[in-house]
Amino acid sequence: MKRITIAIDGFSSCGKSTMAKSLARKIGYTYIDSGAMYRAVTLYCLDKGIIAPDGNIDETRLRDCLGKLYISFIPNRLTGSPDTYLDGVNVEEDIRQMRVSSQVSRISAIPFVREALVRQQQSMGKNKGVVMDGRDIGTTVFPDAELKIFVTADAQTRAMRRYNELKAKGDKANFDDILHNVIERDRIDQTREVSPLRKADDAITLDNSNMSVKQQDEWLIEQYRKAAAEDNDRKD
Ligand code: DC
């Protein structure tokens, strides 16, 4: 079977990465979390003061630093999933903190940040055999992906999932803050000028509000089988 490209887009905290990771593991593809790349740049900006305490972003400094930042993914033998590294340092935990979540939509709305990261994402997926999740994978990064999924779920359900995730890790979490963050990120992601979050015309929608992880995994593998078989027929 020829390898295809799988793009999974959708709203924040929809469980995209859980389903993308699980699919990649089952079919032996590489999983790439494009959101983690925007988060890594945001963490860098917070740590280096490029995002000032008053929220101001020094775009000139960010532009200078961006070309020198090295983001990579290295498999974690314990979790079986790739961890995000920034300049050789594992930042997988740090990029999930609320301080990063609350600034990442602003950083990812900057056109030159998107251009740089989209280029890296395209290069990471150039040999196919990737499952990449994000907001603009099916529309901008891989518009020719053989399988495109657009995931959605209602905001309350998504906030509760993120709340439970943080609690399970022992982090402090306030449900109302998280819900507010989810709604605000939806707004910024959908209204930004460059590559706003939208469903690609040829994407299949999955509303997983009332689905278990197992049901969603089964649904996804079925979509993969169909898309891979169609691709095989087309090219033979
Ligand atoms: O998937 P996530 O919540 O980790 O993504 C973090 C942020 O990055 C999200 O607010 C939107 C942005 N993002 C983006 O603009 N484009 C992508 N391809 C992936 C994420």
Side-chain angles (χ1 to χ4, degrees), residues 5-21 31-46 51 57 62 66 69 71 73 81-84 86 91-125 130-143 145 148-153 155 157-163 165-166 169 171 173 177-200 203 208:
T5 301
I6 303 173
I8 302 186
D9 289 304
F11 292 94
S12 66
S13 306
C14 267
K16 294 186 299 294
S17 57
T18 308
M19 61 194 276
K21 268 182 215 166
Y31 165 64
I32 299 167
D33 177 353
S34 68
M37 299 170 74
Y38 291 96
R39 286 174 177 273
V41 173
T42 306
L43 176 70
Y44 181 87
C45 291
L46 286 164
I51 301 176
I57 300 171
L62 175 54
L66 198 58
L69 281 189
I71 301 169
F73 295 101
S81 297
D83 280 352
T84 312
L86 177 63
V91 292
E92 187 58 33
E93 294 257 309
D94 294 350
I95 60 169
R96 311 286 163 194
Q97 292 166 355
M98 267 306 271
R99 72 184 181 112
V100 174
S101 300
S102 57
Q103 295 294 335
V104 64
S105 284
R106 296 179 63 232
I107 292 294
S108 59
I110 300 174
F112 67 80
V113 173
R114 300 205 70 81
E115 276 161 32
L117 294 191
V118 165
R119 253 199 316 275
Q120 284 187 32
Q121 290 151 8
Q122 288 171 334
S123 148
M124 288 169 167
V130 292
V131 183
M132 190 176 290
D133 74 344
R135 305 292 190 285
D136 60 343
I137 311 305
T139 53
T140 305
V141 182
F142 298 124
K148 299 180 186 178
I149 308 289
F150 189 82
V151 196
T152 178
T157 306
R158 291 187 279 134
M160 188 49 82
R161 287 178 187 159
R162 180 66 47 118
Y163 174 82
E165 243 172 55
L166 290 170
K169 278 197 271 174
D171 289 353
D177 288 349
I178 295 172
L179 179 61
H180 177 265
N181 178 250
V182 163
I183 294 170
E184 185 57 11
R185 277 206 284 158
D186 286 355
R187 189 188 65 74
I188 301 179
D189 291 349
Q190 286 176 292
T191 57
R192 69 170 172 240
E193 275 183 27
V194 187
S195 299
L197 169 64
R198 70 165 183 85
K199 176 183 170 296
N208 66 9

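In listed order, ligands and their atoms are each counted from 1.
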Chemist: Give a yes/no on ligand 1: does Q121 have at least one heavy atom closer than 4.0 angstrom to it?
Modeler: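 The answer is no: ligand 1 sits nowhere under 4.0 Å from a heavy atom of Q121.
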Chemist: Can you list the ligand 1 atoms lying under 4.0 Å from a non-hydrogen atom of S105?
Modeler: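 Answer, ordered by atom number: 10 (O).
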Chemist: When you measure from atom 4 (O) of ligand 1 to every protein heavy atom, which one gives the shortest distance, and what is it?
Modeler: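 Heavy-atom neighbour on the protein nearest atom 4 (O) of ligand 1: R39 NE, 2.7 Å.
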Chemist: Please state which part of R135 comes within less than 4.0 Å of ligand 1, counting heavy atoms only: side chain, backbone, both or neither.
Modeler: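 Near ligand 1, R135 shows its backbone as well as its side chain.
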Chemist: Does a side chain donor of either R39 or S101 reach within less than 3.5 Å of an acceptor in the other side chain?
Modeler: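 Looking only at side-chain atoms, S101 and R39 do form a donor-acceptor pair, the distance falling under 3.5 Å.
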Chemist: Could you check whether R96 pairs with D171 (Lys NZ or Arg NE/NH1/NH2 to Asp/Glu carboxylate O, under 4.0 Å)?
Modeler: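 A salt bridge is absent here (no side-chain N lies under 4.0 Å from a carboxylate O).
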Chemist: Measure the distance from atom 19 (C) of ligand 1 to every protein heavy atom, then report the residue, atom name and distance (to 0.1 Å) of the closest one.
Modeler: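 Looking only at protein heavy atoms, the one closest to atom 19 (C) of ligand 1 is S34 OG, 3.3 Å.
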Chemist: Considering only protein heavy atoms, which is closest to atom 20 (C) of ligand 1, and at what distance to one decimal place?
Modeler: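 Heavy-atom neighbour on the protein nearest atom 20 (C) of ligand 1: G35 CA, 3.5 Å.
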Chemist: Pair V182, F11 - check side chain to side chain contact (heavy atoms under 4.5 Å, CB included), show working.
Modeler: CA-CA 9 Å; V182 163; F11 292 94; over 6 Å; no
Chemist: Pairs of nitrogen or oxygen atoms closer than 3.5 Å, one from D133 and one from ligand 1: do any exist?
Modeler: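 The answer is no, given that D133 and ligand 1 share no N or O pair closer than 3.5 Å.
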Chemist: Examine the proximity of ligand 1 to D189 and report which part, side chain or backbone, both or neither, has a heavy atom under 4.0 Å away.
Modeler: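 The side chain, only.
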Chemist: In ligand 1, which numbered atoms sit nearer than 4.0 Å to a non-hydrogen atom of D136?
Modeler: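 In order of number, 16 (N), 17 (C), 18 (N).
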Chemist: Should D186 and R158 count as an ion pair when the cut-off is N to O under 4.0 Å?
Modeler: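 Salt bridge: yes.
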Chemist: Just distances here: any N/O of S12 and N/O of ligand 1 closer than 3.5 Å?
Modeler: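 Min N/O separation from ligand 1 is not below 3.5 Å for S12.
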Chemist: Counting non-hydrogen protein atoms only, what is the nearest one to atom 3 (O) of ligand 1? Give residue, atom name and distance.
Modeler: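 Of the protein heavy atoms, R185 NH1, 2.9 Å lies nearest.
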Chemist: Is the contact between M37 and ligand 1 made by the side chain, the backbone, both, or neither, using heavy atoms and a 4.0 Å cut-off?
Modeler: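 For M37, no heavy atom sits under 4.0 Å from ligand 1.
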Chemist: Between C14 and A153, what is the shortest heavy-atom contact and its length?
Modeler: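 Smallest interatomic distance, heavy atoms only, reads SG-N, 3.7 Å.
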Chemist: Please determine if R114 has a nitrogen or oxygen closer than 3.5 Å to a nitrogen or oxygen of ligand 1.
Modeler: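 Indeed, backbone or side chain, R114 has an N or O that close.
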Chemist: Taking all atoms of both residues into account, what is the closest heavy-atom pair of I95 and A36, and its distance?
Modeler: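 The pair with the smallest heavy-atom distance is CD1-CB, 3.8 Å.
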Chemist: Would you say ligand 1 has an N or O under 3.5 Å from any N or O of R162?
Modeler: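 No, there is no polar N/O contact under 3.5 Å.
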Chemist: Can you list the atoms of ligand 1 that are under 4.0 Å from a heavy atom of Y38?
Modeler: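 Once the distances to Y38 are compared, the set is 8 (O), 13 (N), 14 (C), 16 (N), 17 (C), 18 (N), 19 (C), 20 (C).
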Chemist: Name the one of L69, V113, I71 that satisfies side chain to side chain contact (heavy atoms under 4.5 Å, CB included) with M37?
Modeler: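 Between M37 and the candidates, side chain to side chain contact (heavy atoms under 4.5 Å, CB included) is satisfied uniquely by I71.
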Chemist: Rounded to the nearest 0.5 Å, what's the gap from CD on Q121 to CG on D136? Could you check?
Modeler: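 It comes to 6.5 Å.
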Chemist: Compare every heavy atom of G10 with every heavy atom of R135, then report the nearest pair and how far apart it is.
Modeler: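 Minimum heavy-atom contact is CD-O, 3.1 Å.
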Chemist: To the nearest 0.5 Å, what is the distance between OG on S12 and CZ on R161?
Modeler: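 The distance works out to 11.0 Å.
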Chemist: Residue-level breakdown please: for R192 versus ligand 1, do any non-hydrogen atoms fall below 4.0 Å on the side chain, on the backbone, on both, or on neither?
Modeler: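 It is the side chain that gets close, since no backbone atom is under 4.0 Å.
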Chemist: How far is atom 12 (C) of ligand 1 from the closest protein heavy atom, and which atom is that?
Modeler: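 Going atom by atom, the protein heavy atom closest to atom 12 (C) of ligand 1 ends up being S108 OG, 3.5 Å.
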Chemist: Do any N or O atoms from the side chain of K148 and from the backbone of G138 form a donor-acceptor pair under 3.5 angstrom?
Modeler: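 Yes, the answer is positive, given that a donor and an acceptor are paired below the 3.5 Å cut-off.
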